[in-house]
2 protein chains.
Amino acid sequence: MSDAHSHTHSHGQSCVVSRGETEALVDEFVASLRADGFRRTDALVALLRVMIRNHQPYTLAELAEVEDLRERDQATIYRLVMKLKDAGKMRQLNLAGRVSYFQLVLPGHHHDYLRCESCGEVQEVPLPCALAEVERELMHSLGWKGLHHELEFIGLCPACAD
Amino acid sequence: MSDAHSHTHSHGQSCVVSRGETEALVDEFVASLRADGFRRTDALVALLRVMIRNHQPYTLAELAEVEDLRERDQATIYRLVMKLKDAGKMRQLNLAGRVSYFQLVLPGHHHDYLRCESCGEVQEVPLPCALAEVERELMHSLGWKGLHHELEFIGLCPACAD
DNA sequence: CGGTTTGTTGCAAGCCAATTGCACTTAAGG
DNA sequence: CCTTAAGTGCAATTGGCTTGCAACAAACCG
Ligand SMILES: [Mn+2]
Ligand SMILES: [Mn+2]
Ligand SMILES: [Zn+2]
Ligand SMILES: [Zn+2]
């Protein structure tokens, strides 16, 4: 009942960075991480390479499939992701029910998503997001601090809609 | 690492319905459910009573604590919730990491939420939501169907912000 | 370049909310 | 009543994390 998709679905390929530019960003990212006690390990570099090159939400399982991370222990990837989260460099998205998605925090990048209830496809919303203003209003009127948001549109993708 | 709150936090108490009005709505709800093969059982009535009376997101654990559901098996509550979801009468929200929240679908009711990253408090957004227009635009331009959305603002509640 | 400190990793075990199989019970309809 | 299909309790299982611990290896220091 309520069974979800289980195949590996493809994400939309928005927000991609060139191979060369990625390397520079990785170096920069690692450098800033040094201040938080991170060391430049192969696993960290491989992880950042993927998540910067293709700025999308990934499940831990998806990350474990990535080149240069394939032979890594799942616990290693898990701890890297969590440590990045603690450092404020990783965001945990709860797009689907049982699994979490993770996406690197890149200054100036914010994305909302569309998710298909039928096949699980996740696609970036190709429209500008106007919620920053609402955030300001909420912080001002309710006294909350440091608000950001997570917005997901849910429905049937063109393929599943027939 | 990244440890979340674990105590039972209170929800904001918006969207409450009077005791008498609730009974009428429950009867109406059950009646419409009959078309989907539902039977009027004590567990179903108790569940609807809670979720209509206080239209909020609940975890399965929270539902299991409710009067008249306390002595029920967790599997019973789980299957009721899932069957309602399959019938399109229940929405599964992914507000937090490991546990799902469920909220009854009531025509004309739509809510967005604020969640405190520190204490886990969940509060309804007291402003009107203007995303229906964006949904129409997305369906029109991208070909998705039946879109609804889930919007959550995340930050520090007044208490946790000091 | 050794030696020391401390973050990192593999491996295996554990955790826990959800999920399911099965036999029994009960609402609903005739 | 009697039949049929939905609902339920109970126990066992799943699966996505999550953690303890010993072995490793960046970074740093003299
Ligand atoms: Mn991006
Ligand atoms: Mn409501
Ligand atoms: Zn689809
Ligand atoms: Zn708080």
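Proteins come first, then strands; the chains are lettered A, B, ... in the order of their sequence lines, and each starts at number 1. Just so you know, these numbers come straight off a predicted model, no measurement behind them.
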OP1 or OP2 of C:dT19 versus the side-chain N and O atoms of B:Tyr78: is any pair under 4.0 Å?
yes
Comparing B:Gln92 and A:Gly37 on DNA chain C - which has the more 5′ nearest nucleotide
A:Gly37
Determine: side-chain N/O of A:Thr41 to OP1/OP2 of C:dG7, distance under 4.0 Å, yes or no.
no
Have a look at B:Leu44 and say if it touches a base, only the backbone sugar-phosphate, or nothing, with a 4.0 Å heavy-atom cut-off.
nothing
Taking only side-chain nitrogens and oxygens of A:Thr76, does any of them come within less than 4.0 Å of OP1 or OP2 of C:dT8?
no
If you go through the side-chain atoms of A:Arg79, does one of them form a donor-acceptor pair with the base of D:dG20 closer than 3.5 Å?
yes
For B:Ile52 against B:Val17, the heavy-atom pair lying closest together:
O-CG2, 3.8 Å
Check the phosphate of D:dT8 against B:Arg39, side-chain N and O only, distance under 4.0 Å to OP1 or OP2. Yes or no?
no
Flag this pair as yes if the NZ/CZ of A:Lys85 is under 6.0 angstrom from the six-membered ring centre of A:Phe102 and inside a 45 degree cone about the axis; otherwise no.
no
Under 4.0 Å between a side-chain N/O of B:Arg40 and OP1 or OP2 of C:dT26, yes or no?
no
Heavy atoms only, 4.0 Å cut-off, all strands: where does B:Ala75 land among base, sugar-phosphate and nothing?
base
Any side-chain N or O of B:Lys83 less than 4.0 Å from the OP1 or OP2 oxygen of D:dG7?
yes
Closer than 4.0 Å, any side-chain N/O of B:Arg98 to the OP1 or OP2 of C:dC16?
no
